[in-house]
Amino acid sequence: MRLKLTKEEWNWVLYDVGNSAFTLLVATIMPIYFNYLADLGGLSSVDYIAYWGYAASAATLIVAAAGPVFGALADTKGFKKPIFTATILIGAAGCISLGLARQWLLFLVIYVVAKVGFSGSLIFYDSMLSDVTEEERMDDVSSQGYAWGYIGSCIPFVACLGVVLGAGAIGISMETAMAVAFVIVAVWWVAMSLPLLKGYRQKHYVERREHAVRESFARLGRTFRNVRREKKIFVFLLAFFFYIDGVYTIIDMATAYGSALGLDSTGLLLAFLMTQIVAFPFAILFGKLAQKYAAEKLILVCIAAYFGIAVFAMFMSAQVHFWILAFFVGMFQGGIQALSRSYFAKIIPVSQSGEYFGLLDICGKGASFVGTALVSLISQLTGNINMGVGMIAALFLAGFCLFRAAARMEE
């Protein structure tokens with residue numbers, strides 16, 4: 001097997017490097033800044049984490065609804081790259097606009113728009129995997145994408161961290177420092193997207209027809225019917241719905257959770273930087289392990305590890321606990337995402353990759369909607385943030401059982 005990445009594969013990997021900067025911003029600096037705006041607006045810590053969760057849920061629900069349509073259009077010849085470009089520009093423009101918001105509610109509205117652009121772009125990006133590489137290389141290339149995304153995103157993150165933490169020293173306000181940070185991330189995101197936008201060629205597609213949008217809905221209906229008959233894909237999607245719920249919820253709300261517990265903001269940011277550094281070698285490791293061991297077994301290991309992480313998070317109360325949590329998340333985050341993506345790409349028809357990844361996005365984003373909303377709701381009802389976080393463990397358990405069942409089925 002060829003070990004080095006081709007130019008097409010590298011271009012694809014670089015987009016992960018670009019969009020991961022936004023992911024890291026959402027997981028770290030952005031919730032802390034929202035906490036700052038929420039304090040100015042008089043919100044309690046419980047309401048702060050609840051409203052942040054509701055905003056994340058709103059964004060994911062919108063993308064979950066639009067995802068299948070995006071996916072169906074993506075499979076039509078000539079549609080994938082233009083719509084992919086549009087979602088990147090919407091996300092980047094929203095990212096820059098966040099720096100202009102000075103009131104917590106307006107900030108959340110803009111955040112939803114930016115997150116929709118970001119999440120929408122991933123539907124097209126993920127479906128490009130089958131166009132840029134071969135089936136036997138998918139596990140490794142997918143893992144390389146996450147790995148380089150983790151380590152590459154550290155570059156703009158460190159720059160943003162320097163501006164935000166050093167705002168007082170260089171004589172600018174917190175608001176100005178955050179505006180600069182948002183611009184840095186948006187520029188990095190777009191710049192890393194250019195090689196893929198320039199060099200990508202769609203190899204698997206359906207021919208363009210008159211009334212392409214209407215035809216995409218018809219194809220989508222056929223795909224839904226096919227999925228019901230293809231039990232392995234159907235049960236995998238159910239499993240993915242549950243276990244990726246926990247992964248996305250932890251990513252979206254970890255910093256908000258730590259801030260709500262009163263943990264030091266600088267310590268939280270540095271812990272997430274450590275997560276990215278740890279995730280780099282482990283994501284590559286899981287890609288290499290997939291060449292020796294079945295991807296199904298490795299995914300089950302990752303789900304079981306996340307179950308333990310969720311239980312541990314329920315009892316977190318000190319800064320050192322958050323560092324331990326961040327380390328173990330880094331070990332398994334890239335593996336579970338990368339192997340799930342490549343595993344799914346191998347069990348679906350390549351000419352319908354956009355449609356099927358649109359369905360995968362429904363499960364991923366729909367799950368994230370459930371997860372963040374559940375944590376927010378339980379936290380508000382009980383007045384105990386730890387109880388809300390503890391609900392995540394049950395979702396990993398359900399995902400483990402369903403994925404094990406799917407792995408035993410014949411394609």
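Computed from heavy atoms alone, side chains included, the values below leave out hydrogens, waters and symmetry copies.
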Flag, side chain of [X] to backbone of [Y], donor-acceptor distance under 3.5 Å:
X: Y150; Y: G334; value: yes
X: N19; Y: Y15; value: yes
X: S142; Y: A338; value: yes
X: Q144; Y: V141; value: no
X: S20; Y: T23; value: no

Determine whether the side chains of [X] and [Y] contain a donor N or O and an acceptor N or O closer than 3.5 Å.
X: E175; Y: Y33; value: no
X: Q333; Y: Y146; value: no
X: Y243; Y: S340; value: yes

If the threshold is 4.0 Å, N to carboxylate O, is there a salt bridge linking [X] and [Y]?
X: K346; Y: E136; result: no
X: D139; Y: K288; result: no
X: D131; Y: R201; result: no

Q. Between W148 and L14, is a side chain to side chain contact (heavy atoms under 4.5 Å, CB included) present by the stated rule, with each step listed?
A. CA-CA 8 Å; W148 287 104; L14 281 175; over 6 Å; no

Q: For residues 332-343, pull every pair meeting salt bridge (charged side-chain N to carboxylate O under 4.0 Å, His left out), keeping only residues two or more places apart or in separate chains.
A: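 Every pair satisfying salt bridge (charged side-chain N to carboxylate O under 4.0 Å, His left out) with a residue in residues 332-343: D16-R341, D126-R341.
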
Per-pair distances, 0.1 Å, donor-acceptor, side chain in residues 88-103, under 3.5 Å, sequence neighbours excluded:
unit_1, atom_1, unit_2, atom_2, d
S97, OG, A93, O, 2.9
R102, NH1, G99, O, 2.6
Q103, OE1, L105, N, 2.9
Q103, OE1, L106, N, 3.0

(Q) I need the M192 CE to S153 OG distance, nearest 0.5 Å. (A)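 Rounded to the nearest 0.5 Å, the CE-OG separation comes to 12.0 Å.
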
Q) From T133 OG1 over to L5 CG, what is the distance, rounded to the nearest 0.5 angstrom? A)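 Spacing of OG1 (T133) from CG (L5) equals 8.0 Å.
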
Check whether any side-chain heavy atom of [X] sits under 4.5 Å from a side-chain heavy atom of [Y], and report yes or no.
X: L285; Y: F282; value: yes
X: F315; Y: H321; value: no
X: L108; Y: Y54; value: no
X: L300; Y: R404; value: yes

Would you check if the distance from the ring center of [X] to the ring center of [Y] is below 6.0 Å?
X: Y200; Y: W12; result: no
X: F242; Y: F403; result: no
X: W104; Y: Y51; result: yes

Q: Go through the structure and list residues passing salt bridge (Lys or Arg N to Asp or Glu O under 4.0 Å) with E296, not counting sequence neighbours.
A: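 Partners of E296 by the salt bridge (Lys or Arg N to Asp or Glu O under 4.0 Å) criterion come out as none, since no residue qualifies.
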
Q. Which is it for T275 and L24 under the side chain to side chain contact (heavy atoms under 4.5 Å, CB included) test, yes or no, and what are the steps along the way?
A. CA-CA 10 Å; T275 297; L24 189 55; over 6 Å; no

Crowded around [X] [atom1]? As in, over 12 foreign heavy atoms under 6.0 Å?
X: Y293; atom1: OH; value: no
X: F328; atom1: CZ; value: no
X: M391; atom1: CE; value: no

Q. Parallel, tilted or perpendicular for Y125 and F84, by the 30°/60° rule?
A.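 Ring orientation of Y125 relative to F84: parallel.
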
(Q) Once you measure the plane-to-plane angle for F344 and F236, does it fall in the parallel (<30°), tilted (30-60°) or perpendicular (>60°) bin? (A)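 F344 vs F236 ring planes: parallel.
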
Q | Working for side chain to side chain contact (heavy atoms under 4.5 Å, CB included), residues N11 and K198 | A | CA-CA 9 Å; N11 290 345; K198 182 180 179 181; over 6 Å; no

(Q) Checking Y111 against W52 for the ring pair (Phe, Tyr, Trp, His ring centres under 6.0 Å) test, could you report, in this order, the C-alpha distance in whole Å, the side-chain angles of both residues, the deciding distance, and whether it holds? (A) CA-CA 10 Å; Y111 164 65; W52 179 254; 4.6 Å; yes

Q | Step-by-step side chain to side chain contact (heavy atoms under 4.5 Å, CB included) determination, F286 to C302 | A | CA-CA 10 Å; F286 273 105; C302 291; 3.7 Å; yes

